[in-house]
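Let me begin by presenting the structure, written as structure tokens, before commenting on it.
In this chain, residues are counted from 1 in sequence order. Scope of the values below: all heavy atoms of this structure, side chains included, with no hydrogens, waters or symmetry mates.
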Amino acid sequence: MLFSDASYTVGNMVEAIERGDIALPDIQRPFVWQATKVRSLFDSMYKGFPVGFLLFWKTDADPGARQIGTGKTAPQYLIVDGQQRLTSLYAVMKGVEVLREDYSTNRIRIAFRPGDGTFAVTDAAIEKDPEFLPDISVLWAPGNFRQAIRGFLARLAGKREVDQEERDLLDDALHRLHDLSGYLFKVVELSRAVNEEQVAEIFVRINSEGVTLNQADFILTLMSVFWEKGRRELEDFCRAAKTPAHGTASPFNWYIQPQPPQLLRVTVALAFRRAVLKNVYTLLRGRDLESGSASPQSREAQFETLEAAQAHVLNLTHWHEFLLCLERAGFRGSKMISSENAILFSYALWLFGRVHYGVPIPQLREIIARWFFMTHATSRYSGAFESQAERDFALLGVVAPGDAHAFCDALNGLIDDTLTNDFWTITLPNNLATSAAKSPALMAYIAALNIHDAPALLSRVRVRTRLDPAVTAKKGIERHHLFPRKYLRGTLGLTEASKINQIANMALVEWYDNIAISDKAPSDYWPAEASEAHLPPAELAKHIYVHALPDDWHEMDYPTFLSARRHLMAQVTRGAFNLLGQHSYQPDYPVPGKPDSVPASVGVFEAGLSHLLDLALLNVGAELVDLQHGTDASAVVTAEGKIELEGHVFDNPTGAACAVLDVKQCDGWAFWHTGTDEGLKPLADLRDELVRRMTRPETPA
């Protein structure tokens, strides 16, 4: 038989959870029920209604077996179905906090009105209402039951008269609630001989929430049984990666907020050089992959290997050094990431190089930057990514431990075999023939712009600065149609969005340029825009190169232009990729949230409009108006942090304001107002906010 029937009282199960005999929470972490469902569960039990059966799975743990690194007994049962109900019962009866999906913790507080047997979720009104026992957890606190009843009755009597008959009825209701610890649950116990595929199938068939289980769930479950500390450490790391820390190092970053199953993949890759988690699960159960035989000794040895690998994966020095590889590769944040698997398996290979082969960090940073660029640009780890990763790991099987040179040769060989001349001249241009906003080919080209430290088209503002992941600006840099949308529709008769929004028809420009160009033909707007940019010939030539503009592109027909530009974009990307392998290439990215043109601290009288632009407190092209003097003056902020007023350019607000008022002295920061989310504000208010930000204590990255 695959299962047997059993019966447990709620009290027995709560105590078994307390002792560690039952693993809680288990496969379906974390707790997702709303408090109203917990209230309904207690209400149904109080009324004697059935609340469903539970499904347990006997573990491989031998009686008395201990978890790794602790004196705690390994649990004998895992909860397959019923975790939310048992978590509710345990949390309420023990008065402990539950872990939520966002990794926050809180208490579940359920109230009870014994006068009519009503359950409710505790709120401020119920707290003040003496008719309610505001937190039923007090009934099961050791030695507190009688005291809780006396306290409730005394509080009620302080509000109104309570005769003896009512006291008895209220006392009986509270006793009946307390006796729910004897409520009997039917439990189906799956045999330890049942494999994970059978458990997953059984779970899907009986679970009404539509939840499915995967191999990572089962490995994390095994960690709960035999190495709970390791699972906690994994979850703590992932939780800390979600928000910046103050005053201490943290795994927070701008690329990925990893989930435990994702980092688990990195750990098992480093520990066992495997990506197919089904095989890893079998290993961790202590079973030989060929014979199927199992032993506690084998299980302990495999978990020790896993423990050593996870220590490296969660090492903050390793983590931070690896993230520098992504920055070197031209990627500034999650908006540029279309494959998190590329991050995870690149991290695994970084750890291979550092831990197993002792590659010096500067050399490792170069090769992993190239590796990540390659894997991300080619979507290497999409589709059957587990098999692809294991093929990559297998190439290192012939490399002797400690042979840093051979490790680098193996990866470089694979990179060169993948990014052949045909890739750059045929495959990549073909992959650019799409309108997908997050195409790996497009992200490779934008990364190339960062590597080249390219400016936005016809601007002196750097792309890498405007792509700051820590700044969410309403306006800044935009992907602009070189052949404007309205022109393609109105003049050329194109109606398909997929043709209009081709990647090759997009360039990164300052937002106000995008507005100014509007619906003009390239032959109409480009000569004028190029002239008004006032760029020296050599600088204009660099703009044309990095933005992959064909010669006389503005005179081309649309299809010819798209084809020509795709090939040039691929060439620009290839040139940037070649830089990654050069020792002399050392990218200098501004710290996220602090663009490189902003000094460490700025005083009120040192601040300029350029500082406001760099912190996105002000936008290029922002309109400035006079609200106080009745002049109807209107000016515009330029990309250089100056003010353009009626065809004249002023270096600062005061100069422009004095010109309007025809005076020699005035306060231009108070004179000019601009639109914000909170309405029109004087520039002086934005300057004050700049100073406040610059004088706050720094937040470590």
Phe272 and Gln302: side-chain contact (heavy atoms from CB on, under 4.5 Å), yes or no, with the steps?
CA-CA 9 Å; Phe272 307 113; Gln302 301 294 3; 3.1 Å; yes
Show the nearest heavy-atom pair for residues Thr375 and Ala342, with the distance to one decimal.
OG1-CB, 3.8 Å
Worked verdict on Lys94 versus Glu15 for side-chain contact (heavy atoms from CB on, under 4.5 Å):
CA-CA 10 Å; Lys94 289 293 183 180; Glu15 292 307 316; 3.2 Å; yes
Phe423 CZ: over 12 foreign heavy atoms closer than 6.0 Å
yes
Glu340 and Tyr255: CA distance, side-chain angles, deciding distance, side-chain hydrogen bond (donor to acceptor under 3.5 Å, both in side chains) verdict
CA-CA 9 Å; Glu340 291 189 342; Tyr255 298 100; over 6 Å; no
Hey, could you give me the CG/CG distance between Leu277 and Leu220, rounded to the nearest 0.5 Å?
9.5 Å
Output the distance between atom CE (Met223) and atom NZ (Lys229), rounded to the nearest 0.5 Å.
10.5 Å
Pairing of Glu327 and Arg332 as salt bridge, 4.0 angstrom limit:
no
Can you find a heavy atom in the side chain of Pro440 that is under 4.5 Å from one in the side chain of Thr378?
no
Does Phe56 reach the side chain of Met13, with side-chain heavy atoms less than 4.5 Å apart?
yes
Taking the side chain from Asn253 and the backbone from Ile256, do they hold a donor-acceptor pair closer than 3.5 Å?
yes
Euclidean distance, Gln310 CD relative to Thr305 OG1, rounded to 0.5 Å
13.0 Å
Classify the ring geometry between Phe577 and Trp424 as parallel (under 30°), tilted (30 to 60°) or perpendicular (over 60°).
tilted
Could you tell me if Arg328 and Asn450 have a donor-acceptor pair between their side chains, going purely by distance under 3.5 Å?
no
A side-chain contact here means heavy atoms from C-beta on lying under 4.5 Å apart; do Leu89 and Phe185 qualify?
yes
Does the pair Asp236/Arg231 count as a salt bridge with the N-to-O cut at 4.0 Å?
no
Should the pair Arg232-Glu228 be classified as a salt bridge under the 4.0 Å nitrogen-to-oxygen rule?
yes
Please give me the minimum heavy-atom distance between Ile361 and Glu321, naming the atom from each residue.
CG2-OE1, 3.4 Å
Indicate yes or no: at least one non-hydrogen side-chain atom of Val10 is less than 4.5 angstrom from one of Leu86.
no
What one should report as the nearest heavy-atom pair of Val399 and Leu395 is CG2-O, 4.3 Å
Classify the side-chain pair Gln388/Arg391 by whether it contains a donor and acceptor separated by less than 3.5 Å.
yes
Is the side chain of Thr267 donor-acceptor paired with the backbone N or O of Leu263 at a distance under 3.5 Å, no angle test?
yes
For Pro244, is there any backbone N or O sitting under 3.5 Å from a side-chain donor or acceptor partner on Ser250?
no
Do the rings of His318 and His312 sit parallel, tilted or perpendicular, given the 30° and 60° boundaries?
tilted
Value for OG (Ser346) from CG (Leu326), rounded to nearest 0.5 Å, stands at 7.5 Å
Cation-pi check for Phe385 against Arg265: NZ or CZ below 6.0 Å from the six-membered ring centre and within 45 degrees of the axis, yes or no?
no
Can you tell me how far the CZ atom of Arg85 sits from the CD atom of Gln83, to the nearest 0.5 Å?
10.5 Å
CD of Gln257 to CZ of Arg239: how many Å apart, nearest 0.5 Å?
13.5 Å
Which of parallel (below 30°), tilted (30 to 60°) and perpendicular (above 60°) describes Phe345 and Tyr381?
tilted
If you compare all heavy atoms of Pro75 against all heavy atoms of Ile22, which two are closest, and at what distance to 0.1 Å?
CB-C, 4.2 Å
Using the rule given for side-chain contact (heavy atoms from CB on, under 4.5 Å), can you reason through Leu442 versus Ile446, listing the C-alpha separation, both sets of side-chain angles and the distance that settles it, and then say yes or no?
CA-CA 6 Å; Leu442 173 61; Ile446 294 178; 4.1 Å; yes
Fit a plane to each ring of Trp319 and Tyr347, take the angle between them on a 0 to 90° scale, and name the class: parallel (under 30°), tilted (30 to 60°) or perpendicular (over 60°).
perpendicular
Does either side chain, that of Arg380 or that of Asn341, offer a donor lying less than 3.5 Å from an acceptor on the other one?
no
Which heavy atom in Ile503 sits nearest to a heavy atom in Ala436, and how many Å separate them?
CD1-O, 3.9 Å
Aromatic rings His376 and Phe372: how do their planes relate, parallel, tilted or perpendicular, breaks at 30° and 60°?
tilted
Could you check Tyr585 against Ile451 for side-chain contact (heavy atoms from CB on, under 4.5 Å), going step by step and ending with a plain yes or no?
CA-CA 9 Å; Tyr585 172 66; Ile451 294 170; 3.6 Å; yes
Hey, does Phe237 have a side-chain heavy atom less than 4.5 Å from the side chain of Val313?
no
Report yes if some heavy atom in the side chain of Phe53 is under 4.5 Å from a heavy atom in the side chain of Val187; otherwise report no.
no
With heavy-atom distances below 4.5 Å as the criterion, would you say the side chains of Phe407 and Phe352 are in contact?
yes
One thing to verify: whether Arg370 and Glu366 come together as a salt bridge, which I'm taking to mean a side-chain N less than 4.0 angstrom from a carboxylate O.
no
